[in-house]
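Beneath this line is the structure, given in structure tokens, with notes to follow.
Protein chains get the first letters and strands the later ones, always in sequence-line order, with residue 1 at the start of each.
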Number of protein chains: 4
Amino acid sequence: MTVKNEIIAKAVELFAKEGYENTGVTRIVTEVGVTKPSLYHHFGSKEGLLSSILEVYGNQFIDIFKDELHYSGDLSYAIDCFVIAYIRFVKRYPMFFRLYKQLYQSPVESDSYRIVKPFYKQLLMRLELFFTEVANHHTNLKTKTTWMSYSLLGLMDTYIIHHMTLGSLKDLEDEKCRQVVKQFLYGVFA
Amino acid sequence: MTVKNEIIAKAVELFAKEGYENTGVTRIVTEVGVTKPSLYHHFGSKEGLLSSILEVYGNQFIDIFKDELHYSGDLSYAIDCFVIAYIRFVKRYPMFFRLYKQLYQSPVESDSYRIVKPFYKQLLMRLELFFTEVANHHTNLKTKTTWMSYSLLGLMDTYIIHHMTLGSLKDLEDEKCRQVVKQFLYGVFA
Amino acid sequence: MTVKNEIIAKAVELFAKEGYENTGVTRIVTEVGVTKPSLYHHFGSKEGLLSSILEVYGNQFIDIFKDELHYSGDLSYAIDCFVIAYIRFVKRYPMFFRLYKQLYQSPVESDSYRIVKPFYKQLLMRLELFFTEVANHHTNLKTKTTWMSYSLLGLMDTYIIHHMTLGSLKDLEDEKCRQVVKQFLYGVFA
Amino acid sequence: MTVKNEIIAKAVELFAKEGYENTGVTRIVTEVGVTKPSLYHHFGSKEGLLSSILEVYGNQFIDIFKDELHYSGDLSYAIDCFVIAYIRFVKRYPMFFRLYKQLYQSPVESDSYRIVKPFYKQLLMRLELFFTEVANHHTNLKTKTTWMSYSLLGLMDTYIIHHMTLGSLKDLEDEKCRQVVKQFLYGVFA
DNA sequence: CATGAATGAGGGTTCATTCAT
DNA sequence: GATGAATGAACCCTCATTCAT
């Protein structure tokens with residue numbers, strides 16, 4: 001593992017556990033066993049480090065929205081696939097997910113929000129694109145695409161954090177995920 | 001308005017906008033027009049200030065969970081009342097709500113989380129109490145009380161933040177709130 | 001006990017245990033159960049409090065040098081009496097003695113030294129007066145009066161602190177005190 | 001001279017003159033012409049700076065107790081050598097000696113005492129080792145080794161401070177030092 | 001006499017960042 | 001690529017003291 005990747009890995013861990021603002025670069029480099037100028041050589045700044053994290057993990061995250069969101073007639077099935085892939089990603093990189101949630105909820109005028117915002121917008125846009133396609137076939141959903149995007153993300157994340165807090169992320173099996181989808185669809189078509 | 005209250009008001013605003021960790025006590029007292037020892041006279045520490053905020057606003061928030069969560073046969077009506085009161089509170093103290101959301105999402109090992117945690121637990125407990133009572137009459141809900149609590153909070157907050165982000169909190173009228181309730185109930189009884 | 005005396009008592013204790021500079025007035029008034037303006041009403045300032053302490057206890061200390069230092073032919077007996085009285089005082093007010101030693105050793109340019117200096121000078125002067133009188137009868141001591149004063153104080157204090165450190169101040173009985181005197185006299189007449 | 005040493009030198013001076021508690025790190029770095037983070041880079045904390053001082057000067061001080069305390073039959077000569085070396089050290093580093101005396105006399109519960117205590121204990125232990133060896137040849141001293149250690153230190157220090165206070169440390173010639181030894185020995189064998 | 005509230009100045013410490021080597 | 005050393009700015013907090021009541 002290269003120094004750059006070691007720093008990224010440690011940073012994700014510490015940012016997630018202690019918070020981006022609370023984690024000093026000194027702590028990161030000390031725990032990795034390198035020096036500060038080394039970090040600045042690779043990332044330019046603390047914000048640069050955060051950006052790199054979003055690039056490495058975030059792009060994989062976005063890929064799910066690219067690859068697993070396909071509507072081909074069966075809405076329930078489409079969302080099923082997506083939710084399962086989404087949750088699989090969270091199980092694989094739980095630290096990154098915690099960091100992402102923390103960053104998104106961070107205050108609007110903070111540095112960290114500024115960095116995560118475009119990333120988050122991309123996710124939402126992909127979702128909205130998907131729901132717009134869906135709405136072509138369910139015309140009654142046409143005015144709800146934005147809300148559906150928010151709503152699906154919110155529902156999934158509530159579900160995930162509920163299990164994270166109880167410390168049982170692995171219990172989140174595919175079968176249970178489908179219940180989330182059902183709940184979402186009931187809401188949508190109400 | 002007393003100095004103490006002025007400090008609390010300004011702190012809620014700045015903490016919400018810029019983040020608890022990002023806001024220095026110097027900034028708070030400067031904007032209020034007092035000095036640091038004055039803040040420490042009233043609150044003891046920055047954390048004490050945060051606690052005071054939670055006491056002042058948070059207790060009003062908890063009161064909603066105490067006063068507006070009554071089950072008397074009509075579940076839909078009961079939750080309607082609660083959601084409307086909840087959202088009314090958010091409209092009244094939007095800054096506090098943003099702060100509360102930010103704190104709750106803050107990292108588990110941070111100081112701010114430690115302070116908000118008992119407060120959040122109280123909210124959840126009140127909800128669970130309510131749903132337990134409900135489950136006496138709908139036995140098929142008995143195993144779902146915890147999840148329903150999380151879920152209702154999550155759904156409401158998603159809804160609220162969706163509107164906040166779009167800058168149209170006032171558009172959240174009672175009629176629309178009832179849609180949230182419907183969505184929730186559909187999900188629950190699925 | 002008046003408030004004034006309560007403050008003095010507590011201040012002696014804290015100054016001795018934690019140091020004059022390390023003890024904040026806040027701590028003193030809190031432990032006594034009064035307010036800061038009350039302290040300032042009685043003593044004017046922190047230095048004023050220290051001065052009051054020196055007046056109350058210090059004057060009793062000086063009295064020993066006044067009352068117990070009489071030369072009437074028998075040098076050994078005279079010093080015996082003085083040393084015994086000196087050590088008796090220390091046993092009675094060990095906290096004050098610790099404070100006095102601490103203050104005397106404190107840096108020349110510190111506030112606390114400035115306050116204790118005149119007090120210490122008085123002690124030395126009394127001693128030197130005594131030894132000057134002695135020297136009238138032992139002409140070979142005439143050039144040594146200053147050194148004898150320092151030396152006697154130093155020897156006693158070393159002895160006392162030695163026992164204080166070992167935690168056995170009460171073991172310092174009169175009989176043992178006389179050994180100190182012998183050691184001093186041997187040294188002087190060497 | 002490196003920055004680290006410049007800071008140490010200035011700190012010894014200020015700590016000795018104004019007191020450890022009274023001297024702010026700001027003052028030290030300002031007078032040296034560097035910045036605070038530089039001090040913290042080298043010493044970690046104000047206490048770390050004090051520890052470094054004790055290491056640099058204190059170890060030289062302890063070396064005297066290691067190298068100059070040898071008993072080979074002639075007690076008077078042995079102590080002579082030691083006292084002369086001791087006083088020579090004090091003449092060389094008078095500021096450090098003043099600091100050391102101040103620290104030792106500082107209140108038991110203070111930070112500074114905690115740091116100097118192990119250092120002081122080492123000095124005493126070395127002395128006691130020496131006197132224990134002596135007592136093998138003068139069996140009547142066997143029960144007095146601890147007291148002799150305290151006593152010799154106390155006598156020397158009284159002597160030194162007496163001269164320091166009068167501002168004539170250089171007048172403390174070897175010849176005069178031997179008088180201290182005589183006085184000590186008279187006391188011991190009394 | 002006693003109090004709650006306020007203050008200017010400074011405490012020690014840490015922040016993200018940069019430089020010469 | 002990597003380092004030790006240095007920095008300006010800011011951090012939270014506490015000091016002795018004072019004022020109106």
Is the distance between the ring centroids of A:Y93 and A:F89 under 6.0 Å? yes

Just verifying a value: how many Å separate D:L39 CG and D:E6 CD, rounded to the nearest 0.5 Å? 12.5 Å

Which value, rounded to the nearest 0.5 Å, describes the distance between A:F61 atom CZ and A:Q122 atom CD? 12.0 Å

D:K46 to D:Y20 six-membered ring, cation-pi geometry met (6.0 Å, 45°): yes

Less than 6.0 angstrom from the centroid, inside 45 degrees of the normal: does B:K4 satisfy that with respect to the ring of B:F43? yes

Distance in angstrom units between [X] [atom1] and [N] [atom2], rounded:
{"X": "A:F43", "N": "F:dA2", "atom1": "CZ", "atom2": "P", "answer": "11 Å"}
{"X": "B:I28", "N": "F:dC13", "atom1": "CD1", "atom2": "C1'", "answer": "14 Å"}
{"X": "B:M1", "N": "E:dA5", "atom1": "CE", "atom2": "P", "answer": "16 Å"}
{"X": "D:D111", "N": "E:dG11", "atom1": "CG", "atom2": "P", "answer": "16 Å"}
{"X": "D:R27", "N": "E:dT13", "atom1": "CZ", "atom2": "P", "answer": "18 Å"}
{"X": "B:L39", "N": "E:dG8", "atom1": "CG", "atom2": "C1'", "answer": "16 Å"}
{"X": "D:L50", "N": "E:dG12", "atom1": "CG", "atom2": "C1'", "answer": "15 Å"}

Would you say E:dA2 has OP1 or OP2 under 4.0 Å from some side-chain N or O of C:H41? no

Residues D:R114 and D:E109 bridged, charged N to O under 4.0 Å: no

Whichever of D:V3 and A:S38 has the more 5' nearest nucleotide on DNA chain F, that residue is A:S38

Using purine N1 to pyrimidine N3 plus N6-O4 or O6-N4 for Watson-Crick, or N1-O2 and O6-N3 for G-U wobble, each under 3.5 Å, what pairs with F:dT21? E:dA2

Nucleotide-resolved protein contact map, nucleotides 14-21 of chain F, B/S/- at heavy-atom distance under 4.0 Å: BBSBBB--

